[in-house]
Amino acid sequence: MLRRHARVACTALVAAGLALAGLQVGTAAAAPDGRDPHPAPTARTAAQTLGADSAQPELLDAMRRDLGLTRSQAVTRLANEAEAGATAARLRQGIGAAFAGAWVDGADAATLTVATTRAADAAAIRATGARARVVTHSLTALEGARQRLDRAAGADAPVRYVDVRANVLVVEETRAGAGARLVRSTGVPRELVRVVRTDQAPRPLYDIRGGDAYYMGGGGRCSVGFAVTRGTTQGFATAGHCGRAGTTTSGFNQVAQGSFQASTFPGNDMAWVAANTNWTSTPYVKGSGGANVQVTGSVLQPVGSSVCRSGSTTGWHCGTVQQHNTSVTYPEGTISGVTRTTVCAEPGDSGGSYISGSQAQGVTSGGSGNCSSGGTTFFQPLNPLLQNYGLTLKTTGTDPGPGPGPGPGEPEPGGTWAAGKVYAAGDVVTHGGASYRCLQGHQAQAGWQPPNVPALWQRL
């Protein structure tokens, strides 16, 4: 929905992530031989797991153009972002209810800041290499207040999000006084909120693209988000406002393609299209100059991370993640849980791909501005979409095989972890006789078993 609005090196961050036991009450008893009974996994760093160390040239070129980074700087930034995300996730588990958000700063994203409402947490945060900030309001309190506002918000207060850097709930208003009235009517404490005036409200990007264009049977153009499968069925994820269940589609070449199987809008902005047998899902996003950009997973990156978008109207553009779990009220209604970014977009880009490094982030929902003067956009995170519709993201690590393969939710031998299942931060699984807690939301893949990916799983 587009609308116009006017230090730590990777290895240090990995080591920091392994020191988080300091946040937990008590310590584990030493093994009889003096070794750690739960040694830290040595498999791969977060950067290696998430593909940040093998970024495509097209992605690096776009980051140079839009973020002013050399290729070397872009590679360093992607690696730092991956490691910071893993460290922040572990800190959040240890801090618990006092956690107030995390973000990265600097051109190389080497500075991770973690906020907490409890001063006693500061030393443990700093021990990981991150900066500590003690604030007044927890993230849970601010998100709870945002949800109260969501239930009463109208189009004159169209965007609401938690600014973790400022430790405040921001309400954007298009009409003077609308934000204050919304706050009063819901009983949300005024000290939690900052009202910001904006000239225009977001609207759906009905006439936009996502990697490649597709056309709806009743007219209009949107963009493919990410290729998916459901059993043996090929298809793609896209935005819900582009079509309803039953809407037929044709591809970028105007050849009959498939139809929408399910669509949700408003509330969320998610949908998926099942393609006919003439079309095959591939693990790529259309990058700069039409080159393929690999998709290797779907780990959501933290606030401040770089992100690039592919769309059929404006092509390939990059920016940064501003806030997660933003709520937006379009003329058609409110959607919640979208991510706010500095990436530009224009009509026809709707449904298109957002990718950070090689990690799929979400599909274009809407925003404001354009790609000449700049703007703000929102994307529907991909993992909830995959989970909601029982889809499997097509990745370069996916074995095509002769058949559908294991489906989401099928257990691995020796535990409850399963390839193909979408896990949210906090979920607990078993594998190989041990229990693990999920640190960062993602769709599990073969090879990503919990012992192999300490960036995503913490042994309990």
Side-chain angles (χ1 to χ4, degrees), residues 85 88-104 112-118 121 125 133-154 157-173 179-180 182-196 202 266-270 299-305 321-330 333-341 361-362 365 376 378-385 387-388 422-427 437-441:
R90 292 176 179 276
L91 282 166
R92 181 171 190 167
Q93 290 291 330
I95 293 171
F99 180 77
W103 59 94
V104 292
L112 170 66
T113 303
V114 177
T116 177
T117 61
R118 192 168 50 211
D121 294 331
I125 293 171
R133 182 176 294 179
V134 180
V135 297
T136 304
H137 311 298
S138 70
L139 185 59
T140 298
L142 293 171
E143 290 285 10
R146 180 189 55 75
Q147 291 168 7
R148 290 166 64 183
L149 297 182
D150 289 353
R151 291 191 285 269
V159 178
R160 301 157 302 282
Y161 57 86
V162 174
D163 183 342
V164 293
R165 287 184 172 95
N167 192 230
V168 69
L169 172 57
V170 176
V171 176
E172 295 186 359
E173 64 178 12
L182 175 61
V183 173
R184 284 196 303 269
S185 69
T186 57
V188 169
R190 188 64 179 84
E191 63 269 17
L192 298 182
V193 180
R194 183 177 71 214
V195 177
V196 177
N268 298 116
D269 198 0
M270 58 176 70
V299 180
L300 191 67
Q301 297 300 293
V303 169
S305 296
V321 174
Q322 293 182 302
Q323 287 86 25
H324 293 304
N325 287 323
T326 299
S327 300
V328 182
T329 301
Y330 299 126
T334 293
I335 61 170
S336 298
V338 293
T339 295
R340 184 173 183 260
T341 81
Q361 300 296 293
S365 175
T376 296
F378 307 93
F379 68 76
Q380 163 68 55
L382 185 63
N383 285 325
L385 188 158
Q387 184 174 41
N388 195 42
V422 175
Y423 292 103
D427 288 349
R437 178 182 291 115
C438 180
L439 297 175
Q440 302 185 80

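Since the model is a prediction, treat every value here as computed from it, not as a measurement.
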**Q** Are any of the side-chain heavy atoms of L192 and H137 separated by less than 4.5 Å?
**A** yes
**Q** Quick one: does V162's side chain get under 4.5 Å of Q323's, heavy atoms only?
**A** no
**Q** To the closest 0.5 Å, what do you measure between CG (L112) and CH2 (W103)?
**A** 9.0 Å
**Q** Measuring only between side-chain heavy atoms, which start at C-beta, is R165 closer than 4.5 Å to T113?
**A** no
**Q** Minimum heavy-atom separation for G101 to L139, with atom names?
**A** N-CB, 4.3 Å
**Q** I'd like to know if the side chain of R92 reaches the main chain of A425, judged simply by a donor and an acceptor atom lying under 3.5 Å from each other, with no hydrogens or angles considered.
**A** no
**Q** Grab the two heavy atoms, one from V193 and one from V168, that are nearest each other, plus how far apart they are.
**A** C-CG2, 3.8 Å
**Q** For the side chain of Q440 and the backbone of V299, is there at least one donor-acceptor N/O pair under 3.5 Å apart?
**A** no
**Q** Scan side-chain atoms only and decide if T186 and R151 contain a donor-acceptor pair under the 3.5 Å cut-off.
**A** no
**Q** Within this structure, what is the CG-CG distance for the pair L142 and N167, rounded to the nearest 0.5 Å?
**A** 5.5 Å
**Q** What distance separates Q361 CD from L300 CG, expressed to the nearest 0.5 Å?
**A** 5.0 Å
**Q** Does the side chain of V159 come within less than 4.5 Å of T376's, by heavy atoms?
**A** no
**Q** Considering only heavy atoms from C-beta outward, does the side chain of P302 approach that of V321 to under 4.5 Å?
**A** no
**Q** For V183 and V188, which heavy atoms make the closest approach, and how far apart are they?
**A** CG1-O, 3.2 Å
**Q** Looking at every non-hydrogen atom in both residues, tell me the closest pair between Q380 and D269 and how far apart they are.
**A** OE1-N, 3.1 Å
**Q** Locate the shortest heavy-atom distance separating R148 from P189; write the atom from each residue and the value.
**A** NH1-CD, 4.5 Å
**Q** Do V114 and I95 have side-chain heavy atoms sitting under 4.5 Å apart?
**A** yes
**Q** Please list, chain by chain and in numerical order, all residues satisfying side-chain hydrogen bond (donor to acceptor under 3.5 Å, both in side chains) with T326, sequence neighbours excluded.
**A** none
**Q** Any side-chain heavy-atom pair from I335 and F378 closer than 4.5 angstrom?
**A** no
**Q** Would you check if there is a donor-acceptor pair between the side chains of T329 and R160 at a distance under 3.5 Å?
**A** yes
**Q** CG of L169 to CG of D163: how many Å apart, nearest 0.5 Å?
**A** 10.0 Å
**Q** To check you understand the geometry: which heavy-atom pair defines the closest contact between R194 and A166, and what is its length?
**A** NH1-CB, 3.8 Å
**Q** What's the separation between atom OH in Y161 and atom OG in S327, rounded to the nearest 0.5 Å?
**A** 12.0 Å
**Q** So, taking the atom named NE2 in H324 and the one named CZ in F379, what distance separates them when rounded to the nearest 0.5 Å?
**A** 6.5 Å
